[in-house]
Undergrad: 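This structure is in structure tokens; I'll ask about it shortly.
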Amino acid sequence: MKDFKNTYRQHKIFFTGLLLFFVVIISMLFFSFSPAAIISSSAYHSFWMNVFFVNYTFFGNGIFALSLAVICIFYFKKKQTGISILISFLLSFILIQFLKNIFTASAPAFFTEPLQHLFFNEPATGKFSFISPSSYTATAFSIAAILALNSKSVLYQLLLLTAAVLVGYSRIYLVQNSGIDILAGAIAGSVSGIVVFSVVKSRALIKEGIVQLHKINNAANIAEIQPG
């Protein structure tokens, strides 16, 4: 508990921003008449916005998460961060698959018209029904949580959170997920990242404590052996 309080104090901006994001999404879902609402299904989308989000959304892809973990481990030599990203991604993936097996509503198809309109082929049923919990959003938030909690830079934490939010927004923009799907994915990813970071940090602290204790015992033994 003490370690978590210290982590919270050091990353208060990140946690506050994360909470604010959840509150905004929940409020928009609660006061909206459409479960996908946030973006109109018949809204005009510019060509360049389509190009940007079609490509940007892959920052939430599992291949990106695995690649980032490998880069951290072998290129940047940050084994702990890389392993944390990998485990966090796998945990968020399991949580999302669990949710998808519980909530089995069909997903809407994605269409593009010549005038760059995006729309649903069928309406979602129920104001708070799941269509398909967003695995892309979960992956993005799990990565953002790991990297943000490993950084003391407020700017870096905000940039990572913004990047994750944009991945979630891209899923809605591309009409692949609804607002509540994004909320589920963001929660699953954030929880996965925070839990994995806490466990890995606790293990590191325990290991460090054992090493220090071993050094103290060795020093004491050497002092006993040396003549007075």
Undergrad: Once you round to the nearest 0.5 Å, how far does CG of L183 lie from OG of S134?
TA: 11.0 Å
Undergrad: Do S92 and S192 meet the criterion of a side-chain donor-acceptor pair at a distance under 3.5 Å?
TA: no
Undergrad: Taking a hydrophobic cluster as the set of Ile, Leu, Val, Met, Phe, Trp and Tyr residues connected by side-chain heavy atoms closer than 4.5 Å, whether directly or through intermediates, do L160 and V154 fall within one such cluster?
TA: no
Undergrad: As a test of understanding, state which of V196, V195, V200, I194 forms a side-chain contact (heavy atoms from CB on, under 4.5 Å) with S198.
TA: I194
Undergrad: Quick one: pull up CZ in F14 and OG in S190 and give me the separation to the nearest 0.5 Å.
TA: 6.0 Å
Undergrad: So which of T57, D181, T137 actually passes side chain to side chain donor-acceptor pair (under 3.5 Å) with R171?
TA: T57
Undergrad: Set out, in order, the CA-CA distance, both residues' side-chain angles and the distance that settles side chain to side chain contact (heavy atoms under 4.5 Å, CB included) for F98 and I94, then state yes or no.
TA: CA-CA 6 Å; F98 175 74; I94 292 171; 5.5 Å; no
Undergrad: Any donor-acceptor pair under 3.5 Å linking the side chain of S151 with the backbone of A148?
TA: no
Undergrad: Could you tell me whether the side chain of F89 reaches within less than 4.5 Å of the side chain of L68, counting heavy atoms only?
TA: no
Undergrad: Hydrophobic clustering (ILVMFWY, side-chain heavy atoms < 4.5 Å, transitive) - are L91 and V70 grouped together?
TA: yes
Undergrad: Return the minimal non-hydrogen interatomic distance between Q157 and K152, and the atom names on each side.
TA: NE2-C, 3.7 Å
Undergrad: Does the side chain of V167 reach to within under 4.5 Å of the side chain of F141, using non-hydrogen atoms?
TA: no
Undergrad: Any chance you could lay out the side chain to side chain contact (heavy atoms under 4.5 Å, CB included) test for N61 and T139, step after step, and finish with the verdict?
TA: CA-CA 7 Å; N61 189 279; T139 298; over 6 Å; no
Undergrad: Are any of the side-chain heavy atoms of L158 and I13 separated by less than 4.5 Å?
TA: yes
Undergrad: Using modelled atom types only, decide if a donor and an acceptor are shared between the side chain of S88 and the backbone of G193 within a distance under 3.5 Å.
TA: yes
Undergrad: Locate the shortest heavy-atom distance separating F53 from S170; write the atom from each residue and the value.
TA: CD2-CB, 3.4 Å
Undergrad: Is there a path of hydrophobic side-chain contacts, each under 4.5 Å between heavy atoms of I, L, V, M, F, W or Y residues, that connects F64 with I83?
TA: yes
Undergrad: Using the benzene-type ring in the case of Trp, are the ring centres of Y136 and F59 under 6.0 Å apart?
TA: no
Undergrad: Quick one: CD1 on I182 to CD1 on I187, what's the gap to the nearest 0.5 Å?
TA: 11.5 Å
Undergrad: Determine the minimum heavy-atom distance between P133 and K100, stating which atoms define it.
TA: O-CE, 3.1 Å
Undergrad: Quick one: does N150's side chain get under 4.5 Å of I146's, heavy atoms only?
TA: yes
Undergrad: Rounded to the nearest 0.5 Å, what separation is found between the CG atom of L20 and the OG atom of S27?
TA: 9.5 Å
Undergrad: Hey, does F15 have a side-chain heavy atom less than 4.5 Å from the side chain of L19?
TA: no
Undergrad: For a quick test of reading the model, state the closest non-hydrogen atom pair linking C72 to G82 and the distance between them.
TA: CB-CA, 3.7 Å
Undergrad: Linking I/L/V/M/F/W/Y whenever their side-chain heavy atoms sit closer than 4.5 Å, directly or via other members, would V191 and F93 fall into one cluster?
TA: no
Undergrad: Which atoms form the tightest heavy-atom contact between G185 and I96, and what is the distance?
TA: CA-CD1, 4.0 Å
Undergrad: Do the side chains of L86 and I143 join up, straight or via other hydrophobic residues, at under 4.5 Å, putting them in one cluster?
TA: no
Undergrad: What I'd like to find out is whether the side chain of F58 reaches to under 4.5 Å of the side chain of I63, using heavy atoms alone.
TA: no
Undergrad: Relative to the ring of F52, is the ring of Y56 parallel (under 30°), tilted (30 to 60°) or perpendicular (over 60°)?
TA: parallel
Undergrad: To the nearest 0.5 Å, tell me how far K78 NZ sits from Y75 OH.
TA: 12.0 Å
Undergrad: Restricting to non-hydrogen atoms, name the atom on I85 and the atom on A65 that form the minimum distance, rounded to 0.1 Å.
TA: CG2-O, 3.8 Å
